[in-house]
*Asks:* 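Following this message is one structure expressed as structure tokens.
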Amino acid sequence: MTQQTAPSPDPGADEAPQQPGQASGRRRRFGRRWYESKVLPVLFLLPAALFIFGLTVWPVMRTLQLSFTDADLEMFMTGEFDYIGFANYAEVLTDPHLRSVFLTTAVFGLICVIATLALGTAVALLLNRAFKGRTVLAILVLLPWAVPRVAAAIVWQWIFDDQYGIANWALAGMGLEMFEGFAWFNNRYTAFTAIGITIVWQSFPFVALVMLAGLQSISQEVLDAARVDGAGPLQTLRRIKLPMLKPLLLVLVVISTIWNFKIFDQVYVMTGGGPARQTELLAITTWREAFTQHDFGLAAALAMAMFVILAIVTFLYLWLIREDDEDLS
Amino acid sequence: MMTHPWRLLLALAAVAVLAAACAEDPDIADPTDDDVDEPDEPDDDPDDPDDEPDEPEDEGAHEGEEITVWIMQPGSDTLEEMLEGYTEEFEEEHGADVTLTFQPWDDAHDAFTTALAGDDVPDVAEMGTTWTPEFGVLGAFAEQDLGDEDYIDAVVDTGAPEGEPLGVPWYAAARALIYNVEVFEDLGLEPPETWDELVEVGETIQAETDMYAYGVVGAGANHFVLPRVWQAGGEIAEPDNDSWTATINEPEGVEAFEHYTDLFTEHEFAPEGALGWTVADAQEAFTQEDLAMFQGLGANVDAVEAGNEDLEVGVALLPEGPGGNRDTFAGGSHLVRFADSEAPEAAQAYIDFLMTDERVAEFSEEIGFFPGTEEGIDALDLDERGEVFAEMLTEHSRSYPPTAEWGAFEGDDLFVNAVQEIMQGDAEVSEALDEIAEEMDAAFQE
């Protein structure tokens with residue numbers, strides 16, 4: 001009985017009439033439902049939402065704010081920032097080196113995406129067939145994915161060492177004498193080849209794994225029907241398997257694009273952006289501007305540029321997915 | 001019915017935990033604003049803690065005080081244990097609680113930048129000598145009283161961007177010419193005394209053996225090419241009123257860069273890949289007996305001998321340039337006390353404790369460097385090679401311009417980029433140096 005007068009956590013209970021009765025019971029039930037459907041979820045979501053805000057939204061806003069300043073280390077120490085409008089963005093657009101970094105990042109990223117998807121899909125198709133030792137091979141294929149990026153980069157740097165590397169030793173051993181003492185990291189293109197091989201080597205297992213799962217979800221009946229209709233393996237791949245895996249491929253393209261735009265570790269370890277800044281990618285340049293030049297404003301503008309580009313890629317992906325859903329319905 | 005209060009409790013608990021976690025932020029953030037003006041204040045009284053060094057009697061004087069110390073990862077367990085031992089001794093003697101962290105050299109610059117920007121600095125740190133001015137001019141460090149110790153000038157200068165020393169020279173070293181004795185004896189050669197002799201000796205080695213002659217490194221070129229500007233009789237930059245003016249593009253600088261890059265492009269004294277080499281790669285090639293000479297420190301000699309016991313390693317003074325000197329860069333470390341330290345006296349006491357003669361001698365010997373004082377070096381029992389390194393440091397060493405901007409020049413690979421472009425054949429020496437000078441002047445005048 002005391003329940004009726006005691007303060008209740010239910011907001012609805014405050015308005016409850018004093019006398020017990022059906023109306024008050026209904027209202028209390030309504031209050032609880034309101035509480036459970038509206039308030040409780042918010043309370044549960046609040047911690048996660050605050051974490052997401054604190055770890056994602058706030059840093060992005062702060063970076064945006066920084067990008068309008070010419071912040072250096074001293075400004076961080078004094079807390080007084082000079083706002084310079086869009087000057088950093090103007091520099092991003094007009095500085096020849098920064099422009100070439102954007103171009104390099106886009107071209108190199110795209111090549112890595114294509115190579116990763118092609119190799120990953122090929123390996124998935126291979127693993128999708130029944131043969132002896134398939135499980136062992138599948139495990140071996142996954143291994144590079146488990147290697148930390150920095151460790152992998154160091155290993156591949158040794159592999160491509162001009163004097164003592166196994167790559168030159170093997171290539172020269174095959175009769176390609178030009179590779180004797182060949183300096184992979186002396187020139188932009190060969191350096192990017194070595195870096196690209198490292199990146200693809202590390203990222204194709206994920207693609208292979210996902211594509212394998214996708215391939216195994218294709219119903220055998222469809223494939224049997226295609227075979228009955230006289231489709232060869234290539235036709236089956238082009239007309240049945242790949243179209244059916246299109247949504248999956250799109251996800252992989254987007255994920256790979258985002259990953260490959262952010263490449264840092266492999267370049268940092270293998271060339272440090274050299275020789276003469278020729279292998280600098282956007283993430284390396286951003287880091288260099290911030291941490292060696294203490295030009296945090298310009299670095300923030302570069303980071304925002306990367307954020308916007310990747311946001312566009314993500315929206316493109318969402319839009320493609322939506323269109324896909326409409327096609328299906 | 002039971003679930004209702006439980007769920008509420010859970011939700012509230014979650015919110016409470018989060019609130020508590022967030023509440024710490026303002027605590028950190030608020031002093032940030034207050035501390036802003038403080039760096040100057042402790043600066044004014046750096047003498048207080050300095051007044052009482054070398055007084056082991058003040059036992060337990062810093063009871064209950066806590067200090068954080070960042071020392072560069074010294075790369076060997078022995079050295080880490082040595083430093084941990086010193087720290088324990090200090091804790092026992094002074095009663096302070098010391099948190100000692102080893103920072104890898106490669107990440108240390110980022111770590112200091114982040115610490116300063118986030119106002120979460122240690123109390124004491126080891127600082128690469130070229131970084132001391134970079135952070136020092138921002139007011140990061142308290143002034144140090146070096147007393148009347150006869151520190152190596154070059155190492156003091158680089159720690160005093162505005163005249164007052166901000167770092168105590170802990171250990172120092174200068175590079176010398178390291179050569180393969182067997183090759184030199186077989187060919188009847190003497191270590192080169194001049195730039196021209198370096199080329200002659202190198203040509204003979206390349207003609208008579210299947211070794212490369214000399215480690216012309218590209219990616220790690222700074223400490224090899226910049227001292228050559230001095231050796232040619234020039235300067236990298238000169239003081240100009242309150243600022244500096246780049247002089248690296250004057251004829252001496254051009255001669256220095258030309259001489260250095262010619263060793264690679266014209267004389268082919270190193271393999272093609274040396275364009276991307278650091279001194280570690282040269283050291284490796286020397287250890288594998290694929291390279292007859294390179295420029296390095298005592299620590300490089302130790303590493304070579306550890307990797308190839310059969311190799312007889314010789315050490316000679318660096319060849320003299322047309323300017324009539326063998327000057328090279330004095331590298332090493334400072335110990336600094338951060339101006340923001342909340343326990344400045346304990347922090348200073350820790351520095352003084354590490355700086356006692358025996359500890360400096362023991363530590364610098366183990367790490368393959370020298371103590372930062374002439375007296376400390378004289379007290380060492382050096383072998384013939386040690387004498388050469390010591391002479392390079394005491395007689396032929398200099399510091400780069402101790403300006404705030406220098407760290408950014410190095411960080412941006414300003415000089416390295418030019419060397420690599422010249423080595424690639426993509427740039428002409430005097431044009432590349434004009435560009436460097438332009439960038440340096442722009443930074444000086446900012």
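Since this is a predicted model, take the numbers as computed values, not measurements. Every chain is numbered from 1 and lettered A, B, ... according to where its sequence line falls, protein lines coming before strand lines.
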*Asks:* Is it true that, when you exclude A:Leu176 itself, more than 12 heavy atoms of the residues, nucleotides or ligands shown sit nearer than 6.0 Å to its CG?
*Replies:*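 More than 12 heavy atoms, drawn from other residues, nucleotides or ligands, come within 6.0 Å of this atom.
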*Asks:* Heavy-atom distances under 4.5 Å only: say whether A:Phe182 touches chain B with side chain, backbone, both or neither.
*Replies:*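 Answer is neither: A:Phe182 stays 4.5 Å or more from chain B.
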*Asks:* As an exercise, state the distance from CG of B:Asp413 to OG1 of A:Thr292, rounded to the nearest 0.5 Å.
*Replies:*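 It comes to 8.0 Å.
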*Asks:* Can you say whether A:Arg288 sits under 4.5 Å from chain B via the side chain, the backbone, both, or neither, judging by heavy atoms?
*Replies:*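 For A:Arg288, the side chain is the part near chain B, not the backbone.
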*Asks:* Other residues, nucleotides and ligands only: do more than 12 of their heavy atoms fall within 6.0 Å of OH on A:Tyr164?
*Replies:*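 Count over threshold, so yes.
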*Asks:* What's the separation between atom CG in B:Leu116 and atom CE in A:Met77, rounded to the nearest 0.5 Å?
*Replies:*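 The CG atom of B:Leu116 sits 5.0 Å away from the CE atom of A:Met77.
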*Asks:* Say whether, by atom type as modelled, one donor and one acceptor occur between the side chain of B:Gln424 and the main chain of A:Asn186 under 3.5 angstrom.
*Replies:*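 A pair under 3.5 Å: yes.
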*Asks:* When rounded to the nearest 0.5 angstrom, what distance separates OH in A:Tyr268 from CG in B:Asp106?
*Replies:*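 Result: 5.5 Å between the selected atoms.
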*Asks:* So, do B:Thr113 and A:Phe296 sit near enough that their side-chain heavy atoms are less than 4.5 Å apart?
*Replies:*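 With C-beta onward as the side chain, the pair touches.
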*Asks:* Taking atom CD of B:Glu435 as the centre, report whether more than 12 heavy atoms of other residues, nucleotides or ligands fall under 6.0 Å from it.
*Replies:*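 It does not: B:Glu435 CD has 12 such atoms or fewer within range.
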*Asks:* What distance separates B:Phe135 CZ from A:Glu74 CD, expressed to the nearest 0.5 Å?
*Replies:*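 One gets 13.0 Å once the value is rounded to the nearest 0.5 Å.
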*Asks:* For the CH2 atom on A:Trp58, are there more than 12 heavy atoms of other groups (residues, nucleotides or ligands in this structure) within a distance under 6.0 Å?
*Replies:*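 For A:Trp58, atom CH2 is not crowded (no more than 12 foreign heavy atoms under 6.0 Å).
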*Asks:* Say you draw a straight line from CD of B:Glu284 to CD of A:Gln163; how long is it, rounded to the nearest 0.5 Å?
*Replies:*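 So the gap between those two atoms works out to 10.5 Å.
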*Asks:* I'd like to check A:Phe291 versus B:Thr114 (side-chain heavy atoms, cut-off strictly below 4.5 Å). Are they in contact?
*Replies:*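 In contact.
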*Asks:* Taking side chain as everything from C-beta outward and backbone as N, CA, C, O, which of these in A:Trp287 sits under 4.5 Å from a heavy atom of chain B? Side chain, backbone, both or neither.
*Replies:*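 For A:Trp287, the side chain is the part near chain B, not the backbone.
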*Asks:* Taking it one step at a time, do A:His294 and B:Glu134 satisfy side chain to side chain contact (heavy atoms under 4.5 Å, CB included)?
*Replies:* CA-CA 10 Å; A:His294 296 170; B:Glu134 180 184 4; 3.2 Å; yes
*Asks:* Would a 4.5 Å heavy-atom cut-off, applied to side chains only, mark A:Asp162 and B:Glu272 as touching?
*Replies:*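 No. Closest side-chain heavy atoms not under 4.5 Å.
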*Asks:* So with a 6.0 Å cut-off around CD of B:Glu438, is the heavy-atom count from everything else above 12?
*Replies:*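 No, CD of B:Glu438 has 12 or fewer neighbouring heavy atoms, counting only those of other groups under 6.0 Å.
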*Asks:* To check you understand the geometry: which heavy-atom pair defines the closest contact between B:Asn417 and A:Ala276, and what is its length?
*Replies:*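 Minimum heavy-atom separation between B:Asn417 and A:Ala276: OD1-CA, 3.2 Å.
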*Asks:* Side chain, backbone, both or neither: which part of A:Glu289 has a non-hydrogen atom closer than 4.5 Å to chain B?
*Replies:*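 For A:Glu289, neither part sits under 4.5 Å from chain B.
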*Asks:* Quick check for you: among B:Met423, B:Glu405, B:His109, which has the greatest number of heavy-atom pairs under 4.5 Å with chain A?
*Replies:*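 Counting heavy-atom pairs under 4.5 Å, the top option is B:His109.
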*Asks:* With chain A, which of B:Gly273, B:Ala285, B:Ala418, B:Ala274 has the greatest number of heavy-atom pairs at distances under 4.5 Å?
*Replies:*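 Looking at each of B:Gly273, B:Ala285, B:Ala418, B:Ala274 in turn, B:Gly273 comes out on top.
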*Asks:* In terms of heavy-atom proximity below 4.5 Å to chain A, should B:Trp131 be classed as side chain, backbone, both, or neither?
*Replies:*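 Interface part for B:Trp131: neither.
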*Asks:* Are more than 12 heavy atoms from other residues, nucleotides or ligands located less than 6.0 Å from atom CD of B:Gln445?
*Replies:*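 Yes, because the 6.0 Å sphere around CD of B:Gln445 holds more than 12 heavy atoms from other groups.
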*Asks:* Heavy-atom distance under 4.5 Å to chain B: side chain of A:Phe160, backbone, both or neither?
*Replies:*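 Interface part for A:Phe160: neither.
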